[in-house]
Amino acid sequence: MTRRFGSLAIIGLGLIGSSIARAVRAKLPDVRVVGHDADASVRDTARAIELCDVVADDAVAAVAEADLVILAVPVGRMEEAARAIAPGLAPDAIVSDVGSSKAGIAEALARALPGRTVIPAHPVAGTENSGPAAGFATLFEGRWCILTPASDAPATEVEALAAFWKALGARVETMDAAHHDMVLAVTSHLPHLIAYTIVGTASELEEVTESEVIKYSAGGFRDFTRIAASDPVMWRDVFLANKDAVLATLQRFNEDLTALQQAIRRGDGARLEDWFTRTRAIRRSIIEQGQDDAAPDFGRKH
Ligand SMILES: NC(=O)C1=CN([C@@H]2O[C@H](COP(=O)(O)OP(=O)(O)OC[C@H]3O[C@@H](n4cnc5c(N)ncnc54)[C@H](O)[C@@H]3O)[C@@H](O)[C@H]2O)C=CC1
Ligand SMILES: O=C(O)C(=O)Cc1ccc(O)cc1
């Protein structure tokens with residue numbers, strides 16, 4: 001029988017940590033949830049909104065009873081968060097995380113928690129908002145959660161973690177951490193980099209005032225501004241951690257951008273039309289598969 005967790009500790013009570021707490025309360029009401037955050041003001045907010053059964057001031061105390069510990073801190077803080085919980089972990093506790101990149105975190109957690117069962121995970125669900133008030137219980141519904149267990153991870157524990165995420169409404173996939181990082185570099189990290197670039201570039205163009213950028217932002221640019229409002233610390237860490245895959249993807253992107261630039265300069269309408277026809281077909285197949293993440297209610301709150 002699949003192991004069911006009775007007591008969960010969440011380290012980091014921002015958007016993702018607080019969404020897990022809310023989803024567990026809604027879908028797994030028998031699971032005890034203890035939360036901890038390094039930031040005292042976040043702990044105060046978590047207590048004020050009664051996010052968890054207990055909010056612990058101390059990381060060691062937070063994990064003492066837990067059979068599942070989820071680290072929901074920025075990617076660059078994973079190792080220190082793991083080191084902080086290590087002395088308090090129960091012998092059979094599983095440690096997981098929610099970081100947006102995976103290979104570097106797997107190495108960091110293995111260093112910090114030798115001999116422990118560590119199963120990294122990435123719920124591919126989020127918004128541009130951060131902090132404990134930004135979370136919501138339905139965030140993971142119908143969204144993928146990718147598990148990247150090491151090849152020697154115990155299958156029963158991987159299955160238990162998969163069952164946990166499915167109970168929160170997620171669809172679960174398992175893959176190698178390096179493959180995860182390459183796929184997410186294309187589907188998430190590069191798009192964020194492009195959004196950060198275009199919004200910054202638009203606001204710096206001498207010919208266009210900042211008020212015009214705001215006044216005339218049509219649909220496409222507005223979508224970019226939403227993404228470009230994402231948490232600066234979180235995304236700094238993602239790009240530093242997934243450097244190799246992001247740079248490889250960026251290289252390809254730059255080549256394609258140069259090809260389109262050349263088509264515009266040469267008046268090569270056929271090339272532009274071919275390219276745009278292909279991308280429209282991609283969008284349509286995403287919608288047909290029922291994975292329309294760009295739907296207007298994407299950042300919905302409950
Ligand atoms: N924001 C998003 O849309 C998504 C984020 N993720 C990943 O989830 C993780 C958390 O992201 P968010 O919840 O968005 O960030 P957030 O900024 O909303 O929350 C992070 C929290 O971690 C706390 N923290 C930092 N260092 C800590 C430490 N050493 N010990 C305890 N608490 C600590 C911060 O005080 C903050 O409250 C990141 O690794 C991110 O890559 C994954 C999927 C989506
Ligand atoms: O807000 C958006 O559009 C996102 O793309 C949210 C997101 C951010 C980071 C992740 O690792 C997964 C999902």
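Along the sequence shown, residues are numbered consecutively beginning with 1. In each ligand, atom 1 is the first atom listed, and ligand 1 is the first ligand listed.
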Task: atom 40 (C) of ligand 1 [closest protein heavy-atom partner, distance rounded to 0.1 Å] - done: S100 OG, 3.6 Å

Open item on the list: With a heavy-atom distance limit of 4.0 Å, tell me whether E128 approaches ligand 1 through its side chain, its backbone, both, or neither.
Closed with: neither

Task: Structural part of M234 in contact with ligand 2, heavy atom criterion under 4.0 angstrom - done: side chain

Open item on the list: Going by the closest heavy atom to atom 9 (C) of ligand 1, which one wins out of L139, L184, V73?
Closed with: V73

Task: Which residue and heavy atom of the protein sit nearest atom 20 (C) of ligand 1, plus the separation - done: A72 O, 3.8 Å

Open item on the list: Could you tell me, atom by atom, which parts of ligand 2 come under 4.0 Å of a heavy atom of E128?
Closed with: 1 (O)

- [ ] Return the residue, atom name and 0.1 Å-rounded distance of the protein heavy atom closest to atom 19 (O) of ligand 1.
- [x] G14 CA, 3.2 Å

Task: Closest protein heavy atom (residue, atom, distance) for atom 25 (C) of ligand 1 - done: P74 CD, 3.6 Å

Task: Closest protein heavy atom to atom 30 (N) of ligand 1, given as residue, atom name and distance to 0.1 Å - done: A38 CB, 3.7 Å

Task: Test: D57 and R47 ion pair at under 4.0 Å - done: yes

Task: Close-contact set for ligand 2 against T127 heavy atoms, below 4.0 Å - done: 1 (O), 6 (C)

Task: Structural part of S230 in contact with ligand 1, heavy atom criterion under 4.0 angstrom - done: neither

Task: Short N or O distance, V42 and ligand 1, threshold 3.5 Å exclusive - done: no

- [ ] Examine the proximity of ligand 1 to T127 and report which part, side chain or backbone, both or neither, has a heavy atom under 4.0 Å away.
- [x] backbone

Open item on the list: Strictly below 4.0 Å, N to O, side chains only: are E79 and R111 in salt-bridge contact?
Closed with: yes

Open item on the list: Quick test of your reading of the structure: of A125, G17, P132, whose heavy atom lies closest to atom 44 (C) of ligand 1?
Closed with: A125

TODO: Mind checking the CG-OG1 spacing from D92 to T117? Nearest 0.5 Å is all I need.
DONE: 8.5 Å

Open item on the list: List ligand 2 atoms under 4.0 Å from H122, heavy atoms only on the residue side.
Closed with: 10 (C), 11 (O), 12 (C)

TODO: May I ask you to identify, for W235, whether its side chain, its backbone, both or neither come under 4.0 Å of ligand 2 on a heavy-atom basis?
DONE: side chain

Open item on the list: Using every non-hydrogen atom in the two residues, find where A153 and V158 come nearest and quote the distance to one decimal.
Closed with: CB-CG2, 4.0 Å

Open item on the list: Tell me the protein heavy atom at minimum distance from atom 42 (C) of ligand 1, and give that distance in Å.
Closed with: V98 O, 3.2 Å

Open item on the list: How close do A90 and A64 get, counting heavy atoms only, and between which atoms?
Closed with: CB-O, 4.3 Å

Open item on the list: Residue-level breakdown please: for V238 versus ligand 2, do any non-hydrogen atoms fall below 4.0 Å on the side chain, on the backbone, on both, or on neither?
Closed with: neither

TODO: Quick one: pull up CG in L240 and CH2 in W235 and give me the separation to the nearest 0.5 Å.
DONE: 12.5 Å

Task: atom 23 (C) of ligand 1 - nearest protein heavy atom and its distance - done: D37 OD2, 3.3 Å

Open item on the list: Among all the protein's non-hydrogen atoms, which is closest to atom 13 (O) of ligand 1, and how far away is it?
Closed with: I16 N, 2.8 Å

Task: Between T156 and E159: side-chain donor-acceptor atoms closer than 3.5 Å - done: no

TODO: Would you mind telling me which of N242, D97, T148 makes a side-chain hydrogen bond (donor to acceptor under 3.5 Å, both in side chains) with K102?
DONE: D97

Open item on the list: Which of the numbered atoms in ligand 2 are under 4.0 angstrom from any heavy atom belonging to S100?
Closed with: 9 (C), 10 (C), 11 (O)

Task: Atoms in ligand 2 flagged as close to R226, the criterion being non-hydrogen separation under 4.0 Å - done: 1 (O), 2 (C), 3 (O)

